There are 2 protein chains.
Amino acid sequence: MSVTEIREHFPTFEKELIDDIEAKSEIRSFTAGEQLMRTGQYFKSTMLIVEGLVKVYREDDQGNEFFMYYLQPGQACALSMVCAVKQETSQIMAKAVKDTEVISIPLAYMDEWMGKYKSWYHFVLETYRARFEELLVTIDHIAFRAMDERLEFYLKKHVQTLGSKIIPISHQEIADELNSSREVISRLLKKMEQLGKVKLQRNSIEVIHLS
Amino acid sequence: MSVTEIREHFPTFEKELIDDIEAKSEIRSFTAGEQLMRTGQYFKSTMLIVEGLVKVYREDDQGNEFFMYYLQPGQACALSMVCAVKQETSQIMAKAVKDTEVISIPLAYMDEWMGKYKSWYHFVLETYRARFEELLVTIDHIAFRAMDERLEFYLKKHVQTLGSKIIPISHQEIADELNSSREVISRLLKKMEQLGKVKLQRNSIEVIHLS
DNA sequence: GGAAGAATGTGACAAAAGTCATAGACCAGG
DNA sequence: CCTGGTCTATGACTTTTGTCACATTCTTCC
């Protein structure tokens with residue numbers, strides 16, 4: 001991990017912090033599809049995303065998984081931070097969508113740097129704020145919106161994050177992530193296709209225009 | 001606000017921090033029913049609950065409100081912290097259920113103390129962690145559970161928090177907070193009464209036994 | 001006590017979402 | 001090129017939830 005690479009994705013970090021990160025953290029790589037963390041796992045470190053793309057899910061006791069948000073380079077998992085500090089287990093699951101590289105920072109430094117580097121302190125708080133807000137938006141959608149709206153929002157978010165109008169995903173996967181059923185998603189997608197909003201292919205959805 | 005009173009509700013705080021709080025913060029009182037914060041409001045301070053009880057809601061653009069969690073003495077509003085630091089507005093609403101007293105800490109100190117007092121730093125992180133977890137539980141319920149389970153959970157939480165088996169609330173209010181409709185809540189409650197789980201009175205529900 | 005207003009009960013119906021069954025389309029490996 | 005597996009399409013049906021209409025009961029206040 002080069003200094004330039006860290007600086008590129010975390011531009012607010014001060015020089016000394018970047019040096020510290022370079023000296024004391026460890027790089028970990030995950031291939032697409034691999035899990036970064038599992039439900040019930042203990043954290044001994046916090047992870048900053050440098051390369052790739054990570055999907056974060058909430059899992060319930062029956063094994064249902066529910067998509068919460070993406071993590072991109074320059075971001076960090078709030079839960080890994082908070083659980084790390086408190087030495088508690090998580091109830092979330094994170095999965096690499098693309099091949100992913102993370103900076104793994106041991107708990108001890110994460111703590112120490114909070115007092116030492118203002119930029120680190122602000123980064124951590126901003127991470128909480130951003131994830132917190134994302135959870136609130138998620139709650140808005142499942143509490144206040146019907147499935148058709150939620151589906152559109154889901155597609156919009158994916159287009160935005162993937163940077164491509166074509167989302168490579170099956171109806172079943174969407175149904176799982178929205179905690180619905182495949183038939184419902186298929187029907188809604190078909191309706192959207194008739195309205196010219198999407199074009200459906202096998203294992204992928206091309207988004208034409210969303211409201 | 002006396003030193004003893006602060007220490008009682010925030011036992012982890014070190015002596016110097018309590019002195020600092022006493023010297024630099026301000027006490028604010030709210031009567032039952034009053035709003036502590038509104039959607040769109042800017043924060044210039046963060047609030048620690050000393051006395052009373054506060055309900056925190058999420059509001060959407062159409063004015064629907066959705067109950068998220070309670071705040072009790074010894075707790076703080078994570079959003080007020082995070083928004084305070086970033087000088088952003090909130091999308092949440094907080095309402096005093098009982099007459100409530102809060103310690104209002106100006107933004108500047110909140111920041112300064114993070115580096116200065118380990119106990120403050122841990123308190124802030126723990127606040128985030130706790131609220132974050134509560135949001136996750138909330139998401140679990142609206143994503144994975146049907147209305148009957150959600151209603152039971154809602155009642156259970158209220159009994160727990162109020163410390164009383166009798167919840168003084170109307171069916172309409174519950175419906176609003178769960179984003180449902182009165183008839184649905186009435187029907188489910190009636191069913192629960194037939195099962196001997198609750199006893200219904202006008203404007204109050206006595207919880208007998210929940211699974 | 002009577003009237004107005006709030007809270008609750010209830011039946012009928014509509015809409016949304018989930019389930020079931022079945023069939024066709026597409027793809028990869030032999 | 002055929003075969004088994006995955007993905008998608010679709011109609012029929014059930015369940016859950018939301019909506020509407022209206023009745024009833026309780027409370028407060030004059």
Side-chain angles (χ1 to χ4, degrees), chain A residues 33 60 62-67 138-155 158 166-208, chain B residues 33 60 62-67 138-155 158 166-208:
Chain A
D60 80 345
Q62 278 110 51
N64 296 313
E65 57 190 50
F66 183 87
F67 171 60
T138 299
I139 286 182
D140 279 357
H141 278 85
I142 50 182
F144 299 134
R145 313 293 175 192
M147 194 53 82
D148 53 350
E149 268 189 275
R150 288 177 54 199
L151 178 57
E152 286 213 17
F153 183 78
Y154 176 92
L155 296 177
H158 277 66
I166 296 177
I167 307 168
I169 199 167
S170 75
H171 299 182
Q172 184 64 62
E173 285 179 88
I174 298 177
D176 290 343
E177 301 199 344
L178 292 178
N179 201 54
S180 179
S181 70
R182 193 203 41 86
E183 293 92 323
V184 172
I185 300 299
S186 284
R187 277 198 285 260
L188 291 174
L189 282 172
K190 183 99 313 208
K191 213 180 289 173
M192 288 176 68
E193 188 176 41
Q194 282 157 8
L195 294 172
K197 294 180 170 186
V198 296
K199 217 180 265 180
L200 303 179
Q201 287 101 35
R202 188 187 175 82
N203 278 318
S204 84
I205 297 168
E206 182 181 353
V207 175
I208 307 296
Chain B
D60 79 346
Q62 277 110 53
N64 296 313
E65 56 190 49
F66 184 88
F67 171 60
T138 299
I139 286 182
D140 278 358
H141 278 85
I142 49 182
F144 300 133
R145 313 293 174 192
M147 194 53 81
D148 53 350
E149 267 189 276
R150 288 177 54 198
L151 178 57
E152 286 214 17
F153 183 78
Y154 176 91
L155 295 176
H158 277 66
I166 296 176
I167 307 168
I169 199 167
S170 75
H171 299 181
Q172 184 64 62
E173 286 178 87
I174 298 176
D176 289 344
E177 302 199 343
L178 292 177
N179 201 55
S180 178
S181 72
R182 204 228 357 119
E183 293 93 323
V184 172
I185 300 300
S186 285
R187 275 198 288 260
L188 292 175
L189 283 172
K190 185 100 310 215
K191 213 181 290 176
M192 287 174 68
E193 188 175 42
Q194 284 157 6
L195 293 172
K197 295 181 169 185
V198 296
K199 218 180 264 178
L200 303 179
Q201 287 102 36
R202 188 186 174 84
N203 278 318
S204 83
I205 297 168
E206 181 182 351
V207 175
I208 308 295

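Please read all numbers here as calculations on a predicted model, not as lab measurements.
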Worksheet, complete the sentence: Whole-Å distance, Leu188(B) CG to dG18(D) P, equals 9 Å
Worksheet item: Short question: side chain of Glu193(B), backbone of Leu200(B) - any donor-acceptor pair under 3.5 Å?
Response: yes
Discussion item. Within the 4.0 Å heavy-atom criterion, would you say Ser170(B) contacts the bases, only the backbone, or no part of the nucleic acid?
Written reply: sugar-phosphate
Practice prompt. Can you tell me the distance, in whole Å, between the CE atom of Met147(A) and the P atom of dT15(D)?
Written response: 20 Å
Fill in: Polar side chain donor-acceptor pair, Ser204(A) to Gln201(A), under 3.5 angstrom
yes
Discussion item. I need the CD-P distance between Glu149(A) and dA17(C), as an integer number of Å.
Written reply: 10 Å
Worksheet item: Expressed in angstrom and rounded to an integer, what is the separation of Asn64(B) atom CG from dG18(D) atom P?
Response: 12 Å
Discussion item. For the OG1 atom of Thr138(B) and the CZ atom of Phe67(B), what is their distance to the nearest 0.5 Å?
Written reply: 8.0 Å
Worksheet item: Between the side chain of Asn179(A) and the main-chain N/O of Ala143(B), is any donor-acceptor distance below 3.5 Å?
Response: yes
Worksheet item: Rounded to the nearest Å, what distance is computed from the CD atom of residue Gln172(B) to the P atom of nucleotide dG9(C)?
Response: 13 Å
Practice prompt. Answer yes or no: is there a donor N or O on one side and an acceptor on the other, between the side chain of Arg150(A) and the main chain of Leu178(A), under 3.5 Å?
Written response: yes
Worksheet item: Are OP1 or OP2 of dG18(C) and a side-chain N or O of Ser180(A) less than 4.0 angstrom apart?
Response: yes
Give me, pair by pair, the N or O atoms of the protein and of nucleotides 26-29 of chain D that are less than 3.5 Å apart, along with how far apart they are.
| from | atom 1 | to | atom 2 | distance (Å) |
| --- | --- | --- | --- | --- |
| dC26(D) | O2 | Arg202(B) | NH2 | 3.3 |

Discussion item. Mind checking if Glu193(A) touches a base, just sugar-phosphate, or nothing, with heavy atoms under 4.0 Å?
Written reply: nothing
Discussion item. Please report the interatomic distance OH(Tyr154(A)) to CD(Glu177(A)), rounded to the nearest 0.5 Å.
Written reply: 3.5 Å
Worksheet item: Rounded to the Å, how far apart are Gln194(B) CD and dG9(C) C1'?
Response: 11 Å
Discussion item. Is it the case that dG9(C) (base atoms only) and Arg182(B) (side chain only) share a donor and an acceptor within less than 3.5 Å, ignoring hydrogens and angles?
Written reply: yes
Practice prompt. Using whole Å, report how far CG of Asp148(A) lies from P of dG18(C).
Written response: 12 Å
Item to complete: Looking at every strand, decide which applies to Glu173(A) at a 4.0 Å heavy-atom threshold: base, sugar-phosphate, or nothing.
Response: nothing
Worksheet, complete the sentence: Closest to the 5' end of DNA chain C, once Ser181(A) and Asn203(B) are matched to their nearest nucleotides, is Asn203(B)
Worksheet item: Nearest to the side chain of Glu183(B) - dG18(C), dT10(D), dT10(C)?
Response: dT10(C)
Fill in: Rounded distance (Å) that lies between atom P of dA17(C) and atom CD1 of Ile142(A)
14 Å
Discussion item. Which nucleotide wins on minimum distance to the side chain of Ala146(A), given the candidates dA17(C), dG11(C), dT8(C)?
Written reply: dA17(C)
Discussion item. I'd like to check the salt bridge (Lys or Arg N to Asp or Glu O under 4.0 Å) partners of Glu152(A); sequence neighbours left out, ordered by chain and number.
Written reply: Lys197(A)
